[in-house]
Amino acid sequence: MQLFQAAAEEAAVTELPFDPLVYGIAIFAALMFLLLAIMSLRSVALRREAPASTDVEQPQQGSTSAHR
């Protein structure tokens, strides 16, 4: 027990440069930013690819004239 008390008395105390609340708010803000970044990428993975058309005779969208 005396060994632990002697070690505790010799331990150097370093002060934090900022209030602990500032660290908590900064970490919370960083995690919220990462959450928003992940959620914004979620819809990209769920998108379907446009079907590829192999029909050459198919008119382009918005075209009213026949191409023959």
Peer 1: Apart from Leu21 itself, what residues make up its hydrophobic cluster when side-chain heavy atoms of I, L, V, M, F, W and Y under 4.5 Å apart count as a link, directly or indirectly?
Peer 2: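 Members besides Leu21, by chain and number: Ile25.
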Peer 1: Can you name the residues that form a side-chain contact (heavy atoms from CB on, under 4.5 Å) with Leu35, not counting sequence neighbours?
Peer 2: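 Met32, Met39.
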Peer 1: How would you list, by chain and number, every residue that makes a side-chain contact (heavy atoms from CB on, under 4.5 Å) with Phe18, sequence neighbours excluded?
Peer 2: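 side-chain contact (heavy atoms from CB on, under 4.5 Å) check on Phe18 returns Val22, Tyr23.
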Peer 1: What distance separates Leu36 CG from Leu41 CG, expressed to the nearest 0.5 Å?
Peer 2: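 Spacing of CG (Leu36) from CG (Leu41) equals 11.0 Å.
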